[in-house]
Structures are given as structure tokens and as C-alpha cells.
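Okay, structure first, notes after.
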2 protein chains.
Amino acid sequence: MFEKILVVEDLDSIGFGIVQMLKQKTAAREVEQALYCDEAYLKFLRAQQTQQPFDLVITDLSFKRDHRKSQINSGNELVKTLKAKQPDLKAIVYSVEDRSMKVKSLIKKYNIDGYVVKGREGLKHLIKAMDAIANNQKYLAPEVSSFIDRKTVFELDEYDIELLRQLSLGLNQREISAFFQKKNIQPSGISSIEKKLNRLKLELNAKTVTQLVAMGKDFGWV
Amino acid sequence: MFEKILVVEDLDSIGFGIVQMLKQKTAAREVEQALYCDEAYLKFLRAQQTQQPFDLVITDLSFKRDHRKSQINSGNELVKTLKAKQPDLKAIVYSVEDRSMKVKSLIKKYNIDGYVVKGREGLKHLIKAMDAIANNQKYLAPEVSSFIDRKTVFELDEYDIELLRQLSLGLNQREISAFFQKKNIQPSGISSIEKKLNRLKLELNAKTVTQLVAMGKDFGWV
DNA sequence: GTGTTCCATACGGCTTTCCGTAGCGGGGTG
DNA sequence: CACCCCGCTACGGAAAGCCGTATGGAACAC
């Protein structure tokens, strides 16, 4: 099992809860807590320098930003940074995010060993994840694992999301066309954008583009 | 101080964190935890019946719903229900929601004794809130208290919100006009709706109606 | 009563979006 | 090579949205 664990969470109640649980229910010898990603990075570096590196990091995904200016702003970036410095470090993401779309892309993109959804059984699943990872397996929370392989009813790709994003920022179709052209995103013709939106409306049962964007916000795509 | 406390939270890590903190840092004699509002209500009733009522409830605002069907679905409703049965019960809402608009209306509507924002110092503020309430004061987290009295830069009324809501549901302006007419909401003319939207775009610095709705979703108005 | 202000609504032109059709070029197949 | 399919794009007419102006009615002041 893991001996030295770093818990990264901006909500102190959660961080404190995890730390207490780890101390009470696992054999962890040392548990440290960080409220900021940058703080976590510093603790990580210090541990490495003193030849007592962490062997597991448990981190949230998104962090509230406050007055402090920070280099690292999300759990993804943190995991990426840490794994670059210490490849054998294991990482568990612990987040409320349970929508397959988001999680899927995260797991593909970053080299995460476990994904646990904050929920009514979050702590229990956290322990399960640690057991699995200690045995060199990956762990995926049940909330998302059922979604992850079976194809989602309808899948939005990067392009669709960027499109919705630009719309939500106030660009009209002509402006988006120009924007895509400048960024070399294909297709960029107004006509194609129209067609794309039309297809999205059809597939998602939306009557207007505005509704489409509203749904995007609701489901967290944008 | 409080002796018997009920903690209502759907995320076990938070609930566990709060409970541990209460046991370690306060004089609370008894702390109980509930994952569902209904569960909390049952524990509350049982405590009342055995002549050992709670004197404080700390609850989240929004709860994930799962397979279980539930009567009470939000912290508001829970507080309302409990206070109706036991008026001297004190209630603290502990939520991530830190937007003044939302919190403002909540505090006005429900008889909440304290509002604490989940954040990096959430647990500390929770203790402060308990101290204040024990002295018969109200407590408002610093994150929102600065916003609460000074008038918001721009205030949306019921009409504006209903307008955005209908737009987010896919109605176009003509349909909304008809809808308002049917519901006897004034003004209902297409022209007036146009004007209203125009003003909103101006005041909120939005270029398109779509952006307006996106902002509404972001700020939690819709 | 007259004048003023405010607000809902109507109207007309202009722009944007919507939607069906068609051209065009690349990649695969016979 | 001819052929076909597919995706990007262009175009044009219809619908919706945008915006400035005008009308009409209610409330209020003089």
C-alpha cells in the first residue's frame, strides 16, 4: 500500500475529511494536505529533494481562484507536472465531475491511475481505488465506468464544443467562420457551420441555437 | 455552545470532514450525519420523539439525486420543514454557492441562522458561525457578506429571468410573446421583448442573445 | 384642459439565420 | 480511367431577429 500521500483539495472540509479517513483506515505513514496546486507542487519538490518522495497524490480537478496568483490551476496540469518529474508517482483524481464526456477526455489525455467521483460513497471508492492501483491496476469510479465504453447516445467532438463555446461568447456565425479560418480549424465555411448547428439541433432535440448553448452549459460541455 | 448536531451532506468526504472537525474542535456531545434530506428528517423526528432533540443542523443546499426517491430534495426545504417542527432549532447552510444573487434570495426566503461558503477556510468559518449563533447572532460568510447589502451592479427582476428561461428552453421571440400573453405577463409585445433583450445586452455587455443566456447559466440566474 | 413623461406596442428596413439545392475536389472502387 | 461517395463550400429565398422611429394611452403636473 501507499506510505506517503499528498492530498490536494481547495475545499478544506473535503481535504480534512480525506486526510482523517486515510489516517484512520489505511496504513499510510504520512499524509500531507495542500489547498493550492502550487502549494502541492512545492511540497512535492521538497519531498523529492529530501529523498522522501510521495508515492500517491489525490487531487481535485478544479480549484477556486482567489487573490493568490498561481502557476498551476487545475488537477490535470498538476498531475501532468508531477508525473513528468516522477513517473512512478500514482495519481487519483477525486472530483464531482461525473459526466462521461469530460471524464473520458481527461483520462485519455492525462495519465491518471484512478478516477473517483465525489459522492455519497466517495471515500469508500477512494480506498478501493488505492487497493486497485497498489496492484498496478487502473480504477474508474462506477458512476462513470458504465458510460465510458458504451458509446454515448450522442457524442460531441472538440469541434462541436468549440463552436458552442464561441457562440456562448457572443460571436455570430460569420465571426465564427472568420475565427475558424484564422485558427485553421476545418470546416470553417459559414455554410458548414450552419449545417453543423442544424445537425446538433436535430440530434439534441433543440429548437434554437440559444437552447443548444443553454444545454451545453447545463451538461458542462462549455 | 451546541450539544447535539445534525450534519446533512450528500458528499461523504465533506460530511465526514465536518463531523471529525466538530468532534475534535468543539464541545459537541453528539454529532450525527445524514446523506439524504429524508434521512435527516427521520433522524430529526426520532430525536424529537425521544426527548433528545438536535439543537443545530448544518446542511448542504443541493443534493445529488440517485435511485432513491425522496420527498425533500434541497437544503432549503429541509430547513423549512425542520424549523416548522422545532422553531428554536438553529440552522446553518454550508454550500459552495457564493453568488450574491442566489444567497440573497435564499436568506430572505428561508429562516437561516448562518450561511457559510465551502472554501479553503470553510471549517474555520463554520466554527465562527456556530459561535455567533450560540450568541443569538446571525452569521454570513465573508465571501458573500460584502455583496449582500451593496446593491448589485445590475439587478435582474423576475421578468428578465423568465425571459431568459424561455429562451433557454428554445422558444423564439414570437413564441415568447404568445406565451406571456397567455400567462398575462406584461409586457408581452414582441417589440417590448426585443427592447428588453436589447437593454439586457447593453447592461451586461453581451453581443448576442445567445451569449446572454450563456451568462445567465453561468451566474445561476436560469 | 394642456403639456410632459413614461411605457407598451406597431411598423419598416436591414442584417442574420435558416434551409434546401448545387458545385467542386479528394479518396476509394471497379 | 470512369465512377461514386463524401465532406466542404457557395448561393438564394424565406424566416427570424435587430434597430430606429412613430403612435397611443395612462399617470402626473401646472
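Naming: A, B, ... by sequence-line order, numbering from 1 per chain. If you're wondering where the values come from, they're calculated on a predicted model, not measured in any experiment.
The phosphate of C:dT9 (OP1 or OP2) has a side-chain N or O of B:Ser188 nearer than 4.0 angstrom. Taking only side-chain nitrogens and oxygens, B:Gln186 never comes nearer than 4.0 Å to OP1 or OP2 of C:dC7.
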Criterion salt bridge (Lys or Arg N to Asp or Glu O under 4.0 Å) on B:Asp55 and B:Lys90, from CA distance to verdict: CA-CA 6 Å; B:Asp55 44 18; B:Lys90 302 295 184 185; over 6 Å; no
Verdict with supporting geometry, A:Lys124 and A:Glu121, salt bridge (Lys or Arg N to Asp or Glu O under 4.0 Å): CA-CA 5 Å; A:Lys124 204 182 292 178; A:Glu121 311 252 275; 3.4 Å; yes
Intermediate values then yes/no, side-chain contact (heavy atoms from CB on, under 4.5 Å), A:Leu123 and A:Ile18: CA-CA 7 Å; A:Leu123 292 177; A:Ile18 298 175; 4.3 Å; yes
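Checking B:Thr208 against B:Gln211 by side-chain atom types alone, no donor-acceptor pair falls below 3.5 Å. For B:Asp66 and B:Tyr36, the side-chain atoms include at least one donor-acceptor pair closer than 3.5 Å. Looking only at atom types and distance, the side chain of A:Ser177 has no donor-acceptor partner in the side chain of A:Ser188 under 3.5 Å away.
Protein atom CD1 of A:Ile193 is 11 Å distant from nucleotide atom P of D:dA10, rounded to whole Å. Taking atom NZ of residue B:Lys207 and atom P of nucleotide C:dT15, one finds them 19 Å apart after rounding to whole Å. Atoms CD (A:Gln181) and C1' (D:dA10) sit 13 Å apart, rounded to a whole Å. Distance CD (A:Gln211) to C1' (C:dT17): 16 Å, rounded to an integer number of Å. Rounded to a whole Å, the CZ atom of B:Arg199 is 15 Å from the P atom of C:dC6. Note: CD1 (A:Ile190) to C1' (C:dT15) measures 12 Å, nearest angstrom. The CG atom of B:Leu202 sits 14 Å away from the P atom of D:dC18 (whole-angstrom rounding).
Looking at residues 163-177 of chain A, you'll see A:Asn172, A:Gln173, A:Arg174 sit with a heavy atom under 4.0 Å from some atom of DNA chain C.
Cation-pi geometry between A:Arg174 and A:Phe179 is not satisfied (NZ or CZ under 6.0 Å from the ring centre, within 45° of the ring normal). Cation-pi contact between A:Lys4 and A:Phe54: present, with separation from the ring centre below 6.0 Å and deviation from the ring axis of at most 45°.
Taken to the nearest 0.5 Å, the CD1 atom of B:Ile14 stands 9.5 Å off from the OG atom of B:Ser95.
If you check every strand for non-hydrogen atoms under 4.0 Å, B:Lys201 touches sugar and phosphate atoms only.
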List every contact pair, protein side and nucleotides 20-24 of chain D side both N or O, where the distance is under 3.5 Å.
none

